[in-house]
Amino acid sequence: MRYGQRGGYTPAEQERRERVRLQAAEWFEAGESTRTVAARLRVHERSVSRWRKAWREGGRPALLSKGPVSREKLSAAQWARLDAELRRGPLAWGYAEDQCWTLGRVKTLIGRLFHIGSTLEGVGKLLHRPRLVGAGPGPARDGAG
């Protein structure tokens, strides 16, 4: 999966890729060639070359995952406020024609509340992403979307 296709790797995919890099480090230590490591791991030789360079310069720790590729867009306080505003309903925000939260309306709400821009796809992912803050279902399960 490329970053441009779906916004980065899942935590499980990050762990899997880290295991691959650490396996490569074992073979680097054993003196295996770049071509051999690439063939055994079924990855491109350029990737193995980058990993080998990082390993030479920083050892095995240089091949460990650096964590998520993006940070949370909303803080815990912002999540709480967004949740409260979504519970107030669309009418409270001037949407009198129907009582449905759409991604477009939630996008507008987030922009008005926090001055954060996003795409409709980004808002959908934001609302369906498991949150580390708070407990219980997120706003997406409370009628948003």
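None of these values were measured; they are calculated from a predicted model. Position 1 is the first residue of the sequence; numbering continues from there.
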[X] side chain near [Y] side chain, heavy-atom distance below 4.5 Å:
X      : Y      : result
Leu86  : Trp93  : no
Tyr95  : Thr108 : yes
Val106 : Leu126 : no
Glu18  : Leu63  : no

Are any side-chain N or O atoms of [X] and backbone N or O atoms of [Y], one a donor and one an acceptor, separated by less than 3.5 Å?
X      : Y      : value
Arg105 : Cys100 : yes
Ser49  : Glu45  : yes
Gln23  : Val20  : no

Please report the interatomic distance [atom1]([X]) to [atom2]([Y]), rounded to the nearest 0.5 Å.
X      : Y      : atom1 : atom2 : answer
Leu64  : Arg21  : CG    : CZ    : 8.0 Å
Thr102 : Lys107 : OG1   : NZ    : 11.0 Å
Arg81  : Glu85  : CZ    : CD    : 5.5 Å

Considering all heavy atoms of both residues, which atom of Leu82 and which atom of Leu74 are nearest to each other, and what is their separation?
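Answer, listing the atom of Leu82 first, then Leu74: CD2-CD1, 3.8 Å.
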Please name the pair of heavy atoms, one in Thr34 and one in Arg52, separated by the smallest distance, quoted to 0.1 Å.
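Heavy atoms only, the tightest pair is OG1-NE, 3.1 Å.
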Would you be so kind as to tabulate the donor-acceptor pairs closer than 3.5 Å made by side chains of residues 24-33, with sequence neighbours excluded?
from	atom 1	to	atom 2	distance (Å)
Ser33	OG	Thr36	N	3.0
Ser33	OG	Thr36	OG1	2.8

Take Val37 and Trp51, measure what side chain to side chain contact (heavy atoms under 4.5 Å, CB included) needs, and give me the verdict at the end.
CA-CA 11 Å; Val37 173; Trp51 300 342; 5.6 Å; no
Take Trp55 and Val48, measure what side chain to side chain contact (heavy atoms under 4.5 Å, CB included) needs, and give me the verdict at the end.
CA-CA 10 Å; Trp55 172 76; Val48 176; over 6 Å; no
Establish whether Leu91 and Leu109 are linked, either directly or via other cluster members, by ILVMFWY side-chain heavy-atom contacts under 4.5 Å.
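No: no chain of side-chain contacts under 4.5 Å links Leu91 to Leu109.
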Less than 3.5 Å apart, any donor N or O on the side chain of Ser65 or Arg17 sitting next to an acceptor on the other?
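Not at all, the side chains of Ser65 and Arg17 share no donor-acceptor pair under 3.5 Å.
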